[in-house]
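Accompanying notes for the structure given below.
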Amino acid sequence: MSFPLLTATAALPAIGAIATAAVPAARRTAAKWLALLVSLATLVLAVVVLVRFDPDGDRYQLTESHAWIKDFGVRYELGVDGIAVALIALTALLIPFVILAGWHDADPLETHSSRWRPTQGFFALILGVEAMVIISFEATDVFLFYIFFEAMLIPMYFLIGGFGDRAHAGSDEHAAAQRSYAAVKFLLYNLAGGLIMLAAVIGLYVVAGNFSLQEIAEARANGSLDMATNTERWLFLGFFFAFAVKAPLWPLHTWLPNAMGEATAPVAVLITAVVDKVGTFAMLRFCLQLFPEASKWATPAILVLALISIIYGALLAVGQRDIKRLVAYASISHFGFIIMGIFAMTSQGQSGATLYMVNHGISTAALMLVAGFLISRRGSRLIADYGGVQKVAPVLAGTFLIGSLATLSLPGLAPFVSEFLVLVGTFARYPVIGIIATFGIVLAALYTLVLYQRTMTGPVKPEVSAMPDLRVRELAVVAPLIALLIFLGVYPKPLTDIVNPAVKQTMSDVHKKDPKPDVEAAK
């Protein structure tokens, strides 16, 4: 029997989470190092998965399949395609940086030296989220996916509500109330989506007789499983609603600014760069593959919602006074681009959407983590409390600038390739949607450059005059992310080679071909 590589990749952080939580209370530093080492070992396994994956091979590779609940047709089935491999690599890459960036986020509060924050629990929860996200990318049994899709809400709830941002205006009681509100809102929104999806999962089983993604997709393709039109549409809506909440898509997005604003910067990265990607990934893997006709039926409405997300998120980002909430609304706009690329039903759009998932994860991590370092120095999230930072902390300002430029998809940085492909793919089939979406780029330039100008340039405010520059640990977090943004911006081929074959297979699932250019109209 071959080594269960996919199981090991998900099990290692899960075991590490248990071990980290079990470290004695007085050994907080040991817990941190254990969590970091486990995350690095998980990254090594993810690299092995990446190396062993053959883009020109079978659609799902490194597969594992074992009977689980025989009476209900539930199996422990794992397998990865190029899209899943790229997102597993992204998740495993970001977690060590999240842990390093949050190295002191669960340390004792300085003003209450007798009170200790549960450091072990903080890092154990991060590893627990990593394990659940990875197995969600690997699961090819719908019921298995659903379990971990919902289970990851529990550790995220405690990370948001129990380990909030210390740079909070107002009293400790007010800050705790805001954290609690954000955590409960996050949980309720996502639980509501999950319950609707559960009804759809049960309905799928009634229609198909099993939960195997590959078997159901094959039966749909060869005609042995013929769903009634209304049945397929209702099942599609049940799945899509849950994924749209997780993504998040307007108007189901309102939990994200609260959650990212109240969470620590590393946990905010965990939310938008890792957990939320499960929603957009699942649209590609489950919605399009299981319900191809319903996906095409719903495309016009989804494209309109995605377009609203792009413009609405960018407009609200322009008006934000809080740094972290600005990044949250910018992410809502970016997720609109991702969903637009998925449902443009072109190979360029879906390749761009997949690249966008990866590149948005890296760029948002870079910007949010540097913003977190900035906020921890000043003790405020308000943009108005800063000014002239580049004169006293030039390295911090420089990395903040690169992260900001990546957010607005500057050519030469990784997100540009993604956004360009999404817009080209959308314009090829829906030119009006593509044209309007470009205004999101203009607004992105406005909110990112204004953010930099108000925080980093101008006269040095007295409160930031003694601000230290990035330390060695912080540079170790930011420098690799910046380097990766530049590398993938200049040379995205290693990523596109992995992703494109999987995208072609997804296009085949929905029986779509790229539209041919109108040569006569071009003349």
Side-chain angles (χ1 to χ4, degrees), residues 97-98 100-112 163-172 174-175 178-179 257 260-269 317-330 363-408 410 444-479 481-482 485:
F97 297 127
V98 167
L100 268 178
W103 199 253
H104 298 299
D105 285 356
D107 284 351
L109 295 173
E110 295 178 357
T111 57
H112 300 85
F163 301 91
D165 190 354
R166 297 181 183 182
H168 197 296
S171 64
D172 289 345
H174 177 68
Q178 290 294 97
R179 289 198 301 269
M260 289 185 66
E262 298 304 322
T264 64
V267 173
V269 170
V318 171
Q320 288 304 305
R321 297 180 297 171
D322 183 309
I323 296 174
K324 291 169 70 177
R325 288 179 70 90
L326 185 151
V327 178
Y329 280 109
S363 62
T364 299
L367 179 59
M368 180 59 83
L369 293 178
V370 177
F373 298 148
L374 177 70
I375 291 168
S376 67
R377 284 159 165 75
R378 174 66 177 84
S380 173
R381 298 173 356 209
L382 298 179
I383 297 172
D385 289 340
Y386 296 87
V389 174
Q390 68 180 11
K391 296 178 182 178
V392 297
V395 177
L396 189 155
T399 53
F400 190 83
L401 176 62
I402 296 174
S404 300
L405 294 176
T407 299
L408 65 85
L410 184 78
L446 179 61
Y447 63 69
T448 53
L449 294 178
V450 168
L451 172 64
Y452 183 84
Q453 184 243 345
R454 291 180 177 175
T455 55
M456 301 295 163
T457 65
V460 178
K461 291 199 172 184
E463 294 84 359
V464 304
S465 59
M467 181 178 289
D469 214 334
L470 291 183
R471 302 178 179 91
V472 174
R473 173 180 61 85
E474 295 166 336
L475 279 171
V477 171
V478 178
L481 296 174
I482 298 296
L485 285 173

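Side chains included, hydrogens not; waters and symmetry mates left out as well; all remaining heavy atoms used.
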**Prompt:** Going by distance alone, is a donor N or O of one side chain under 3.5 Å from an acceptor N or O of the other, for Q320 and Y447?
**Reply:** no

**Request:** Answer yes or no: are there more than 12 heavy-atom neighbours, outside R473 itself, under 6.0 Å from its atom CZ?
**Result:** yes

**Prompt:** Considering residues, nucleotides and ligands other than R378, do more than 12 of their heavy atoms fall under 6.0 Å from its CZ?
**Reply:** yes

Please check: side-chain N/O of [X] versus main-chain N/O of [Y], any donor-acceptor pairing under 3.5 Å?
| X | Y | answer |
| --- | --- | --- |
| E474 | R471 | yes |
| K461 | A384 | yes |
| R377 | F373 | yes |
| R381 | G261 | yes |

Let me confirm one number: the [atom1]-[atom2] distance from [X] to [Y], rounded to the nearest 0.5 Å.
| X | Y | atom1 | atom2 | result |
| --- | --- | --- | --- | --- |
| R321 | L382 | CZ | CG | 7.0 Å |
| I402 | S363 | CD1 | OG | 12.5 Å |
| L470 | L475 | CG | CG | 5.0 Å |
| H104 | S376 | NE2 | OG | 10.0 Å |
| M368 | I375 | CE | CD1 | 7.0 Å |

With the side chain counted from C-beta on, respond yes when [X] and [Y] share a heavy-atom pair under 4.5 Å apart, and no when they do not.
| X | Y | result |
| --- | --- | --- |
| Y386 | M467 | yes |
| L481 | L369 | yes |
| M260 | K324 | no |
| F400 | T455 | yes |
| E463 | D385 | no |
| L449 | S404 | no |
| L401 | L405 | yes |
| L326 | D322 | no |

How close do [X] and [Y] get, heavy atom to heavy atom, and via which atoms?
| X | Y | answer |
| --- | --- | --- |
| P468 | A393 | O-CB, 4.0 Å |
| I323 | A371 | CG2-CB, 3.9 Å |
| A101 | V477 | N-CG2, 3.8 Å |
| L485 | A406 | CD1-CB, 3.9 Å |
| V460 | G388 | CG2-O, 3.5 Å |
| V269 | T364 | CG2-O, 4.4 Å |

**Candidate pair L396 and L374, rule side chain to side chain contact (heavy atoms under 4.5 Å, CB included), full reasoning** = CA-CA 8 Å; L396 189 155; L374 177 70; 3.9 Å; yes

**Request:** Could you go through the side chain to side chain contact (heavy atoms under 4.5 Å, CB included) check for V389 and M456 one step at a time?
**Result:** CA-CA 4 Å; V389 174; M456 301 295 163; 3.5 Å; yes

